[in-house]
S.K.: 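Take a look at the following structure, please.
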Amino acid sequence: MRLRDVQREQTDYFAYYRMGRASSWSRNKRRDAIHNLEFPRRRPTHWPGFGPPPPRPGRNTFREPEPYSKSQEDAKKEGPSPGVQRRARRLERLLAQEDMRFEKVLGWGGFGMACLFTMPGGGGQGGGEKVVVKIELEGRDTVEKERRNYELMRDAHHVLHMYNLAAEEAIEQGDLAAGGLFLEFMERGTLEKWIVKMAKERKTFSDRALWTIFDCLARGLVALAYPGKEWRVEESAMDCNEAPRDTLVHFDIDPTNILVGGFGTFGQRNHSIAPIHKIGDLGLGEIFNSRGRRDPERVWYARQSGKVYLYTPEQFTEEWDWHAGAPAADGAPTAGNYRESMNIWQMAWTMYALITLCWPNEKKEPLVYSSKVFDRTVKDATYGGDLMYSGRYDDTDRDLRRLVAQCLYHSPLSRPTLQELEVVIKDKLRSRLDKSEEESRAWAKRFYGEPERRRPAPAPAPARERWNMGAHPPNRFGGAARARFGKVFSNESVLDLERIRKRRADEDHRPVIRRQPQPRRFWRD
Ligand SMILES: Nc1ncnc2c1ncn2[C@@H]1O[C@H](COP(=O)(O)OP(=O)(O)OP(=O)(O)O)[C@@H](O)[C@H]1O
C-alpha cells in the first residue's frame, strides 16, 4: 500500500479509535469514507486542542473500568493445542541433542511459543539452570529484531536477559522454527497474573508495594532510554548527563510483558519487598532518535504498532490529521514524537492496573488537569483523571495517583522526565508509608509465595574456562548476576545496528568448532 493510502486509512481508523469504537471499524465498510476524506486537513489551520474541563469532575464523569478477572495464563488453562504440543515435542528432540531437558510449555500465541528447559549437568557454568526458549513459528522476522533489542539491553538489570547459547544453532538448523531466543526464566511469570490474583482476593496492593514496583519499572524505562549503556550498579537516570537520544521505544509495555522474578539482590538493590520486575517482549521495540522522528515512512508505519488498547497519544492524537509528512518535523509536540516519554505513558497504564486492578477503558478520556510536575507547573489533559477525581481509589497514596496521572499527560513534554520520576520515587520510598518495610516483607512472602526453588547459583567458572566456552575475554565479566550465567557480552558499538546485523550474518556462516576435550560449548561466541 502506498504511504498516502496508509495515511488516509489510519486517519479514519483513529477517528473511530478516539470515539472508543476501534473494534467496530472495518476497512471494507469505510472504503468510501476513506476515499472522500480531507487529508491533510486545512480547516481550522491547526489542531485546536482540548476543551475546558467539566466544572466539577466526579465519579460520574468517568466510565467505570472493567476489573481484571482472568489472566492470559488462566485463558490457556486447558493446555496447548495438539499443534503446539507437536511443535513442543519437536523442539524437545532438537534440544535433547544439546542435552537440554524439556520442562514445559509456558505459553503460545498465533506466531510463536515459549518453553522452559533445564541446562545440562550440574556444577559447571549454568548447569541445571532453567532457560526459556522462545521460538517463532512463522517467519515474521520479529525474532531477529527482538534479538537485536535484547543485545542492546545486555547490561540492564530490569530488562529480561538474553543468553547466547550454542544450542541456538540446533534451532536454526532444524526446520521447526523461523528463529529462536534463549531468555532468562522469570519464575513468577507475568505481572498480569499477580494483578488478577489480587483482584480475585478483593484486596489491593499497599502503597509501599506499589512504590517499590514502580521503582523497578522506572529503572527498566531508564535502560530502554539508554540502549547499550553499561550499567555497572543499577539503572539510574542520574548517571546520565544527557537527555536520551536513541531511545528504544517499546510500543508494547503492558502487564503481560512485564515478568516477575525472585527476591534477592540484583545489581546493587535488594528486592525484598517485592520481587524484581523486568521488561520483556522487545519484539516491537524500535530505536527512535530525532532523525527517525523526522522520517515520514517510519513514523506513519509505527503509528499502529502495539496493542490497540494501549496506543499512546503520540499515535492516536488528532494532531496527525494536519500533517502529510512526519509531524515532529513540522514541530507537532505530540503526534509521532516517539521517545522515552512514550514508554513512560504505557508504563503508567501498568501502574494504573496495579492501583485499580482494572483494564484501561477502550475510550481514553482526556481531562484537563493542572499540577506541579516536580518543580514545573503543567496544564494539559491527562487520561488518568479518574485516579484523582472518581473517588474510587482514594485509599491509595494521593502522591502516587498524581504521579501516574502526570505520566498519563497527553503531551510528551508535560510528563515527568525519567530523572524526575526517579527522584520522586526515591523520596517516597524513604518517607513514612502505610506499611513498614518489615510488614511489607512479610506480606510479600505470603502473597507471592515460594515458586519452585531455583538451584543455588553455581560457583563462577574460572575466567579461562569461560573464555574457552565461547565467552568474551575475562575483563568484560563482573558481578554475581553475570558470573551466575556466564553471559556473553559483545563489544560492538551498540547503536551501530548494521554492524550487529553483519556480525550475526558472519556468525551464521562460521564453522562450529567443538573443542576437545569437554566441557561442551553451551555458550555461543
Ligand atoms: N522469560 C520468561 N519467564 C517466565 N515466563 C515466560 C517468559 N517468557 C514468556 N513467559 C511465559 O510464556 C508466555 C508466552 O510468552 P511469549 O513472550 O512467547 O508470548 P506472548 O507475550 O503471549 O505473546 P506476544 O509475543 O504475542 O506478545 C507468557 O505469557 C509468559 O506466561
S.K.: Any side-chain heavy-atom pair from I355 and L387 closer than 4.5 angstrom?
M.R.: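 The answer is yes; the side chains approach within 4.5 Å.
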S.K.: So, do I253 and N343 sit near enough that their side-chain heavy atoms are less than 4.5 Å apart?
M.R.: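 A side-chain contact under 4.5 Å exists here.
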S.K.: The test is salt bridge (charged side-chain N to carboxylate O under 4.0 Å, His left out); show your working for K134 and E146 and say whether it passes.
M.R.: CA-CA 11 Å; K134 187 171 166 174; E146 193 166 1; 3.2 Å; yes
S.K.: Do M238 and E422 have side chains that get closer than 4.5 Å, going by heavy atoms?
M.R.: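 M238 vs E422: side chains touch.
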S.K.: What pairs with Q72 under side-chain contact (heavy atoms from CB on, under 4.5 Å), at least two apart in sequence or on another chain?
M.R.: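 If we apply the side-chain contact (heavy atoms from CB on, under 4.5 Å) test to Q72, skipping adjacent residues, the hits are E192, T256.
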S.K.: With sequence neighbours left out, which residue pairs that include part of residues 416-439 fulfil the ring-ring contact (aromatic ring centres under 6.0 Å, His included) condition?
M.R.: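 Listed by first then second residue: nothing to list.
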S.K.: So for atom CG, which belongs to D395, do other residues, nucleotides or ligands contribute more than 12 heavy atoms lying within a distance under 6.0 Å?
M.R.: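 No, the 6.0 Å shell around CG holds no more than 12 heavy atoms from other groups.
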S.K.: Verify the ring-centre separation between Y311 and F316: is it less than 6.0 angstrom?
M.R.: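 No: the rings miss the under 6.0 Å criterion.
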S.K.: Nearest 0.5 Å please: distance from the CG atom of L152 over to the CE atom of M162.
M.R.: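 Answer rounded to 0.5 Å: 9.5 Å.
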S.K.: Output, in order, the C-alpha distance, side-chain angles, deciding distance and verdict of side-chain hydrogen bond (donor to acceptor under 3.5 Å, both in side chains) for S341 and R415.
M.R.: CA-CA 7 Å; S341 22; R415 297 170 207 156; 4.6 Å; no
S.K.: Kindly compute the distance separating CG (N149) from CG (L224), expressed to the nearest 0.5 Å.
M.R.: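 Output value for this atom pair is 9.0 Å.
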S.K.: For G384, does its backbone N or O pair with a side-chain atom of Y369 as donor and acceptor, under 3.5 Å?
M.R.: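 Looks like no, no N/O pair under 3.5 Å.
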S.K.: Looking at residues at least two apart in the chain, or sitting in another chain, which of them share a ring pair (Phe, Tyr, Trp, His ring centres under 6.0 Å) with F205?
M.R.: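 Expected list: F447.
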S.K.: Applying side chain to side chain donor-acceptor pair (under 3.5 Å), name anything that partners R402, two or more places apart in sequence or on another chain.
M.R.: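 With sequence neighbours excluded, R402 shows a side chain to side chain donor-acceptor pair (under 3.5 Å) to D399, given in chain and number order.
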S.K.: Decide whether a cation-pi geometry holds between R293 and Y338; the criteria are a distance under 6.0 Å from NZ or CZ to the six-membered ring centre and an angle within 45° of the ring axis.
M.R.: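 Relative to the ring axis of Y338, which defines the angle, R293 lies outside at least one limit.
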S.K.: Report the distance from atom OG of S431 to atom CH2 of W211, rounding to the nearest 0.5 Å.
M.R.: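 Going from OG on S431 over to CH2 on W211, the span is 8.0 Å.
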S.K.: With sequence neighbours left out, what residues match Y352 under side chain to side chain donor-acceptor pair (under 3.5 Å)?
M.R.: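 Y352 satisfies side chain to side chain donor-acceptor pair (under 3.5 Å) with D386 only.
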S.K.: With P366, which residues qualify under side-chain contact (heavy atoms from CB on, under 4.5 Å), at least two apart?
M.R.: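 Expected list: F50, A381, Y383.
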S.K.: T118 vs E129, test: side-chain hydrogen bond (donor to acceptor under 3.5 Å, both in side chains). Steps then yes/no.
M.R.: CA-CA 6 Å; T118 304; E129 276 283 350; over 6 Å; no
S.K.: Do the side-chain N and O atoms of T312 and Q346 include a donor-acceptor pair separated by under 3.5 angstrom?
M.R.: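 There is no such pair (donor and acceptor under 3.5 Å, judged by atom type) between the side chains of T312 and Q346.
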S.K.: Other residues, nucleotides and ligands only: do more than 12 of their heavy atoms fall within 6.0 Å of CZ on R18?
M.R.: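 More than 12 within 6.0 Å, yes.
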S.K.: Would Y393 and S390 count as a side-chain contact (heavy atoms from CB on, under 4.5 Å) if you check the C-alpha gap in whole Å, the side-chain angles of each, and the deciding distance to 0.1 Å?
M.R.: CA-CA 7 Å; Y393 314 112; S390 70; 3.8 Å; yes
S.K.: Do the side chains of L433 and D397 get nearer than 4.5 Å, heavy atoms only?
M.R.: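 D397 reaches L433 side chain to side chain.
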S.K.: Find the distance between OG (S272) and CD (E437) and round it off to the nearest 0.5 Å.
M.R.: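 Separation between the atoms: 6.5 Å.
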S.K.: Using 4.0 Å as the upper bound for N to carboxylate O, is an ion pair formed by E144 and R147?
M.R.: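 The answer is yes: the pair qualifies as a salt bridge.
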S.K.: Strictly by modelled atom types, are S371 and Q406 linked by a side-chain donor-acceptor pair under 3.5 Å?
M.R.: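 Distance-only check passes for S371 and Q406.
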S.K.: Side chains of K364 and W349: closer than 4.5 Å at any heavy-atom pair?
M.R.: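 Yes; the side chains approach each other to less than 4.5 Å.
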S.K.: Can you name the ring pair (Phe, Tyr, Trp, His ring centres under 6.0 Å) partners of F117, sequence neighbours left out?
M.R.: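 Partners of F117 under the ring pair (Phe, Tyr, Trp, His ring centres under 6.0 Å) test: F102.
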S.K.: Look at the rings of H271 and H158 and say which category their plane angle falls in: under 30° parallel, 30 to 60° tilted, over 60° perpendicular.
M.R.: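 Judged by the thresholds at 30° and 60°, the geometry between H271 and H158 is tilted.
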S.K.: Between R232 and D155, does at least one N-O distance fall below 4.0 Å, as a salt bridge requires?
M.R.: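 No salt bridge links R232 with D155.
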S.K.: Is it the case that the side chain of E314 and the backbone of A335 share a donor-acceptor pair, with hydrogens and angles ignored and the cut-off at 3.5 Å?
M.R.: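 Checked: no pair found.
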S.K.: Is the distance between the ring centroids of W320 and F14 less than 6.0 Å?
M.R.: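 Not under 6.0 Å, so no.
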S.K.: If you round to the nearest 0.5 Å, how far is OH of Y17 from CD of Q304?
M.R.: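 Interatomic distance, Q304 CD to Y17 OH, rounded to 0.5 Å: 10.5 Å.
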S.K.: Among M342, Q315, H410, exactly one meets side-chain contact (heavy atoms from CB on, under 4.5 Å) together with T334. Which residue is that?
M.R.: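 Of the listed residues M342, Q315, H410, the side-chain contact (heavy atoms from CB on, under 4.5 Å) partner of T334 is H410.
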S.K.: Could you check whether any side-chain heavy atom of I279 comes within less than 4.5 Å of a side-chain heavy atom of L160, counting everything from C-beta outward?
M.R.: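 Side-chain contact under 4.5 Å: no.
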S.K.: When rounded to the nearest 0.5 angstrom, what distance separates CD1 in I425 from OG1 in T212?
M.R.: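 Spacing of CD1 (I425) from OG1 (T212) equals 10.0 Å.
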S.K.: My understanding is that only one of H46, R294, H323 makes a side-chain hydrogen bond (donor to acceptor under 3.5 Å, both in side chains) with D330; could you say which?
M.R.: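 Going through the options one by one, the only one that passes is H323.
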S.K.: Using the salt bridge (Lys or Arg N to Asp or Glu O under 4.0 Å) rule, collect all pairs that involve residues 300-312, keeping only residues at least two apart or in two chains.
M.R.: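 Residue pairs passing salt bridge (Lys or Arg N to Asp or Glu O under 4.0 Å), neighbours aside: D252-K307, D254-K307.
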S.K.: Are the aromatic ring centres of W443 and Y448 under 6.0 angstrom apart?
M.R.: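 Ring centres of Y448 and W443 closer than 6.0 Å.
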S.K.: Between the side chain of R21 and the main-chain N/O of Y16, is any donor-acceptor distance below 3.5 Å?
M.R.: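 Pair absent, no side-chain N/O of R21 close to backbone of Y16.
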S.K.: Can a salt bridge be assigned to the pair E230 and R154 using a cut-off of 4.0 Å between side-chain N and carboxylate O?
M.R.: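 Result for this pair is no, no salt bridge flagged.
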S.K.: With heavy-atom distances below 4.5 Å as the criterion, would you say the side chains of P313 and L408 are in contact?
M.R.: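 No; the side chains remain at least 4.5 Å from each other.
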S.K.: Under the rule for ring pair (Phe, Tyr, Trp, His ring centres under 6.0 Å), what residues qualify as partners of Y13, not counting sequence neighbours?
M.R.: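 Y13 satisfies ring pair (Phe, Tyr, Trp, His ring centres under 6.0 Å) with W25 once adjacent residues are dropped.
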S.K.: Checking F374 against V424 for the side-chain contact (heavy atoms from CB on, under 4.5 Å) test, could you report, in this order, the C-alpha distance in whole Å, the side-chain angles of both residues, the deciding distance, and whether it holds?
M.R.: CA-CA 8 Å; F374 208 59; V424 177; 4.0 Å; yes
S.K.: Just to verify, what does K145 make a salt bridge (charged side-chain N to carboxylate O under 4.0 Å, His left out) with, not counting sequence neighbours?
M.R.: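 Result, salt bridge (charged side-chain N to carboxylate O under 4.0 Å, His left out) vs K145: E286.
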S.K.: I'd like to know if D215 pairs up with R219 as an ion pair, taking the criterion as any Lys NZ or Arg NE/NH1/NH2 lying under 4.0 Å from an Asp or Glu carboxylate oxygen.
M.R.: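 Yes.
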S.K.: Kindly say whether D207 contributes a backbone atom to a donor-acceptor pair with the side chain of D434 at under 3.5 angstrom?
M.R.: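 A pair under 3.5 Å: yes.
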S.K.: Taking T417's backbone N and O only, do any of them form a donor-acceptor pair with E420's side chain (distance below 3.5 Å, no angle check)?
M.R.: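 It does hold such a pair.
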S.K.: Give every donor-acceptor pair under 3.5 Å between a side-chain atom in residues 54-65 and any protein atom, sequence neighbours left out.
M.R.:
from: T61; atom 1: OG1; to: G58; atom 2: N; distance (Å): 2.7
from: T61; atom 1: OG1; to: G58; atom 2: O; distance (Å): 3.0

S.K.: Can you establish whether the number of heavy atoms outside K445 located under 6.0 Å from its atom NZ is more than 12?
M.R.: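 More than 12 within 6.0 Å, yes.
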S.K.: Residues two or more places apart in sequence or in another chain: which of them pass salt bridge (charged side-chain N to carboxylate O under 4.0 Å, His left out) with E340?
M.R.: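 Once residues adjacent in sequence are excluded, E340 has no partner under the salt bridge (charged side-chain N to carboxylate O under 4.0 Å, His left out) criterion.
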S.K.: Kindly indicate whether the side chain of Y409, heavy atoms from C-beta on, has any atom under 4.5 Å from the side chain of V373.
M.R.: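 Y409 reaches V373 side chain to side chain.
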S.K.: Any idea how W231 and Y226 line up, ring-wise: parallel (<30°), tilted (30 to 60°), or perpendicular (>60°)?
M.R.: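 Perpendicular.
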